[in-house]
Visitor: 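Handing you this structure, nothing more for now.
These numbers come from the heavy atoms of this one structure, side chains and all, not from hydrogens, waters or symmetry mates. Only a predicted model underlies this, so the values are computations on that prediction, with no experimental measurement involved.
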There are 2 protein chains.
Amino acid sequence: MANKSCIIRLSMYRNALIRLKTLNFVKVFSDNLADVARVTSVQVRKDFSLFGISGNRRGGYLIDELISQISAILGKDKVQKFIVIGIGNIGKALLNYPSFKKNEIELVAGFDIDMNKHNRDVEVPILPLEELGKFVAENEIKFGVISVPDFAAQEVLELMFRAGIKGVLNFAPICLKEPPDCVVRNINLETELENIIYFTNFAEQAGASR
Amino acid sequence: MANKSCIIRLSMYRNALIRLKTLNFVKVFSDNLADVARVTSVQVRKDFSLFGISGNRRGGYLIDELISQISAILGKDKVQKFIVIGIGNIGKALLNYPSFKKNEIELVAGFDIDMNKHNRDVEVPILPLEELGKFVAENEIKFGVISVPDFAAQEVLELMFRAGIKGVLNFAPICLKEPPDCVVRNINLETELENIIYFTNFAEQAGASR
DNA sequence: AAACTGTTGTGAAAAATATCACATAAATCA
DNA sequence: TGATTTATGTGATATTTTTCACAACAGTTT
Ligand SMILES: NC(=O)c1ccc[n+]([C@@H]2O[C@H](COP(=O)([O-])OP(=O)(O)OC[C@H]3O[C@@H](n4cnc5c(N)ncnc54)[C@H](O)[C@@H]3O)[C@@H](O)[C@H]2O)c1
Ligand SMILES: NC(=O)c1ccc[n+]([C@@H]2O[C@H](COP(=O)([O-])OP(=O)(O)OC[C@H]3O[C@@H](n4cnc5c(N)ncnc54)[C@H](O)[C@@H]3O)[C@@H](O)[C@H]2O)c1
């Protein structure tokens with residue numbers, strides 16, 4: 001029904017709305033959201049229409065209502081717990097990032113094979129990989145992040161899956177084979193940089209030949 | 001002509017090819033690449049056809065040739081220099097990541113407003129923001145990464161643009177307004193996590209009602 | 001050397017996504 | 001109260017992207 005980019009846009013709208021709310025906005029027009037999310041206003045309305053979200057035929061949308069409707073769709077009406085496997089550069093950056101919590105995303109534990117990284121005496125403990133299954137079961141974790149080196153990623157994914165994890169964000173630069181009924185999204189930063197290189201060069205050429 | 005996801009796939013194919021090459025593969029079939037990049041083999045061939053890349057009607061593709069052809073398209077036939085603005089968690093993670101260099105991407109300097117972060121006595125120096133313009137001009141930098149807090153991101157982008165940067169990867173969780181002839185790609189990790197939450201819940205519901 | 005096999009390459013069809021065009025509703029004004 | 005203005009909501013249309021179907025081809029077998 002809804003497509004991936006539509007959901008990404010919903011997230012962005014929600015972000016924008018929260019921002020606008022702190023500026024004491026009470027209602028918004030699809031045009032406002034379009035500006036902030038860098039899309040067209042029709043796109044905004046179409047996205048809403050897809051989820052049965054509606055505003056007032058003239059007065060736009062009430063921010064509070066809109067936020068809670070989008071939040072419900074995105075599962076942000078309750079805190080969603082994540083674990084992070086691989087507490088290196090990326091893993092640490094994620095665990096240190098305070099804003100997730102503000103948006104109902106809670107990183108509840110890290111896991112690593114390197115025992116030097118283990119640490120139970122902090123709010124978000126770093127645990128040995130062996131405890132993954134137990135922890136996931138006891139705390140009913142559904143989501144996780146993979147930030148281990150590429151060669152370990154597939155193996156870690158399978159471990160997570162067996163533990164009961166249903167959704168994974170992967171930073172390792174390989175395309176993981178997703179187990180059945182498990183959602184995996186790959187983020188490949190190198191690929192992103194290459195994309196920029198390509199389109200920058202391309203734009204230059206196009207510009208030059210104009 | 002070529003679309004964004006096609007270029008992303010080219011990057012993935014290239015990655016896969018390099019991986020296969022280290023396993024002493026000499027040629028590949030579109031099927032092999034499809035497996036590694038998790039797409040269909042038609043997609044692979046179609047992507048190639050779009051760029052006039054062709055193989056042997058029966059024997060697949062010669063890895064070496066293929067790598068160099070894709071590399072040329074992606075601008076990987078020479079080292080591409082990037083700067084990073086904002087040397088916090090994410091900025092540091094990027095600068096510490098050794099694999100960029102292996103793939104012709106070189107992070108040549110970091111910039112920060114916090115003078116405690118400045119450091120010239122290392123391979124990749126961290127410089128004050130004031131030196132951005134000079135550095136970019138002198139070193140002919142075209143690309144950069146934004147890893148500053150959200151409220152500073154737009155301002156930093158404009159600074160980079162005025163300095164002559166043409167392509168930017170942005171980690172701040174806002175949609176930046178791209179200056180003319182400047183390519184900007186936004187990575188929003190929170191949005192990615194929300195995406196996973198949505199599609200995991202969605203898959204569960206679909207599964208349950210089956 | 002003809003038949004066969006397995007893979008590429010691509011125009012055509014299908015599916016997914018975004019845009020357009022405009023009817024519809026609410027608020028304001030005359 | 002009726003005309004006017006200004007958004008929304010959405011079926012129809014256009015565009016983009018993927019998949020299908022199959023011809024072209026190069027080896028291999030008989
Ligand atoms: N750092 C970056 O900027 C960057 C950029 C692009 C891609 N990546 C990718 O992101 C991933 C993480 O990068 P990083 O820089 O944080 O790596 P890192 O080497 O700093 O950290 C990896 C961590 O994973 C742990 N680990 C290794 N094998 C494990 C296993 N089987 N189970 C659990 N933990 C294990 C290690 O002990 C280490 O703490 C890598 O796949 C990397 O290729 C990172
Ligand atoms: N760390 C994460 O896991 C994470 C997750 C999601 C999003 N992000 C986003 O990525 C960006 C970077 O995150 P982070 O965790 O590395 O932040 P951070 O706070 O650790 O680092 C930000 C750095 O930017 C510098 N800075 C601030 N204003 C600046 C300016 N005008 N010019 C130059 N430097 C400036 C600060 O001195 C600091 O060193 C943020 O926008 C954040 O919202 C980070």
Visitor: Please tell me whether Y61(A) and F48(A) form a close aromatic pair, meaning their ring centres lie under 6.0 Å apart.
Guide: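 Centroid distance Y61(A)-F48(A): below 6.0 Å, so yes.
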Visitor: Could you check how far CG of L50(A) sits from P of dT8(D), rounded to whole Å?
Guide: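 After rounding, the reported distance stands at 17 Å.
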Visitor: Whole Å only: how far is the CD1 atom of I8(B) from the P atom of dT16(D)?
Guide: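 So the CD1-P distance, I8(B) to dT16(D), works out to 18 Å.
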Visitor: Nearest whole Å is fine: how far is dA16(C) C1' from N3(B) CG?
Guide: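 From N3(B) CG to dA16(C) C1': 13 Å.
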Visitor: Any residue in residues 65-74 of chain B with a heavy atom nearer than 4.0 angstrom to DNA chain D? Just list them by number, or reply none.
Guide: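 Here the set is empty: none.
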Visitor: Tell me the bend of the helix from dA1(C)-dT30(D) to dA30(C)-dT1(D) as the angle between end helix axes, each from five pairs, rounded to the nearest 10 degrees.
Guide: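 Roughly 10° between the end axes, to the nearest 10°.
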Visitor: Would you mind reading off the distance between R45(A) atom CZ and dA7(D) atom P, rounded to a whole angstrom?
Guide: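 In whole Å, dA7(D) P and R45(A) CZ are 10 Å from each other.
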Visitor: Please give me the minimum heavy-atom distance between V124(B) and G110(B), naming the atom from each residue.
Guide: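 Closest pair (atom of V124(B), atom of G110(B), distance): CG1-N, 4.4 Å.
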Visitor: Can you check the D47(B) CG to dT18(D) C1' distance for me, whole Å?
Guide: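 It works out to 10 Å between those atoms.
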Visitor: Provide the closest heavy-atom pair for L74(A) versus I197(B) in the form atom of the first, atom of the second, distance.
Guide: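 In terms of heavy atoms, the two residues are closest at O-CG2, 3.5 Å.
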Visitor: Inspect the surroundings of NZ in K21(B) and state if more than 12 heavy atoms from other residues, nucleotides or ligands are less than 6.0 Å away.
Guide: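 Atom NZ in K21(B) is not crowded, with 12 or fewer foreign heavy atoms closer than 6.0 Å.
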Visitor: Is the number of heavy atoms from other residues, nucleotides or ligands under 6.0 Å of K27(B) NZ greater than 12?
Guide: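 Count not over threshold, so no.
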Visitor: Per the ring pair (Phe, Tyr, Trp, His ring centres under 6.0 Å) rule, what does the pair list look like for residues 142-171 of chain A, sequence neighbours excluded?
Guide: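 As it turns out, the ring pair (Phe, Tyr, Trp, His ring centres under 6.0 Å) pairs with a partner in residues 142-171 of chain A, which skip direct neighbours, are F82(A)-F143(A).
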Visitor: In this structure, which one of R185(B), R9(B), K76(B), K4(B) forms a salt bridge (charged side-chain N to carboxylate O under 4.0 Å, His left out) with E194(A)?
Guide: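 Exactly one pass, corresponding to K76(B).
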Visitor: Rounded off to whole Å, could you give me the OH-to-C1' distance for the Y61(B) and dT7(C) pair?
Guide: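 Those two atoms, OH and C1', are 9 Å apart.
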Visitor: I want to check something: taking the side chain as every heavy atom from C-beta on, are D47(A) and Y13(A) in contact at a cut-off of under 4.5 Å?
Guide: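 They are in side-chain contact.
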Visitor: Kindly compute the distance separating CZ (F199(A)) from CG (N3(B)), expressed to the nearest 0.5 Å.
Guide: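 Going from the CZ atom of F199(A) to the CG atom of N3(B) covers 7.0 Å.
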Visitor: Which residue, S54(B) or S5(A), contacts DNA chain C at a nucleotide closer to its 5' end, judged by nearest heavy atom?
Guide: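 That would be S54(B).
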Visitor: Applying side chain to side chain contact (heavy atoms under 4.5 Å, CB included), can you list everything that pairs with S99(B), at least two apart in sequence or on another chain?
Guide: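 Listed in chain order: E190(A), Y97(B), K102(B).
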Visitor: Check each residue of residues 9-43 of chain B for a non-hydrogen atom within less than 4.0 Å of any atom in DNA chain C, then write out the ones that pass by number, or none.
Guide: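 Residues of residues 9-43 of chain B that come under 4.0 Å of DNA chain C are, in numerical order, F29(B), S30(B), V42(B).
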Visitor: Give F48(A) one of three labels, base, sugar-phosphate or nothing, depending on what nucleic acid heavy atoms sit under 4.0 Å from its own.
Guide: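 Answer is nothing: F48(A) stays at 4.0 Å or more from every strand.
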Visitor: For a side-chain hydrogen bond (donor to acceptor under 3.5 Å, both in side chains) with S71(A), tell me which candidate from E104(A), R14(A), K78(A) qualifies.
Guide: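 Of the listed residues E104(A), R14(A), K78(A), the side-chain hydrogen bond (donor to acceptor under 3.5 Å, both in side chains) partner of S71(A) is R14(A).
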Visitor: Quick one, give me the B/S/- string for nucleotides 23-30 of chain D, reading 5' to 3', where B means a protein heavy atom under 4.0 Å from the base and S means that only happens at the primed atoms, P, OP1 or OP2.
Guide: BBBBBS--
Visitor: How close do G86(A) and V148(A) get, counting heavy atoms only, and between which atoms?
Guide: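 So the minimum-distance heavy-atom pair works out to CA-CG1, 3.6 Å.
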Visitor: From I7(A) CD1 over to L50(A) CG, what is the distance, rounded to the nearest 0.5 angstrom?
Guide: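 So the gap between those two atoms works out to 8.5 Å.
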Visitor: May I have the distance from K46(B) (atom NZ) to dA12(C) (atom C1'), rounded to whole angstrom?
Guide: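 In whole Å, dA12(C) C1' and K46(B) NZ are 9 Å from each other.
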Visitor: Is it true that N201(B) and K166(A) share a donor-acceptor pair across their side chains at a distance under 3.5 Å?
Guide: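 No donor-acceptor contact under 3.5 Å links the two side chains.
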Visitor: Side chain of S49(A) only, please: which of dG11(C), dT10(D), dT18(D) is the nearest?
Guide: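 Among the listed nucleotides, the one closest to the side chain of S49(A) is dT10(D).
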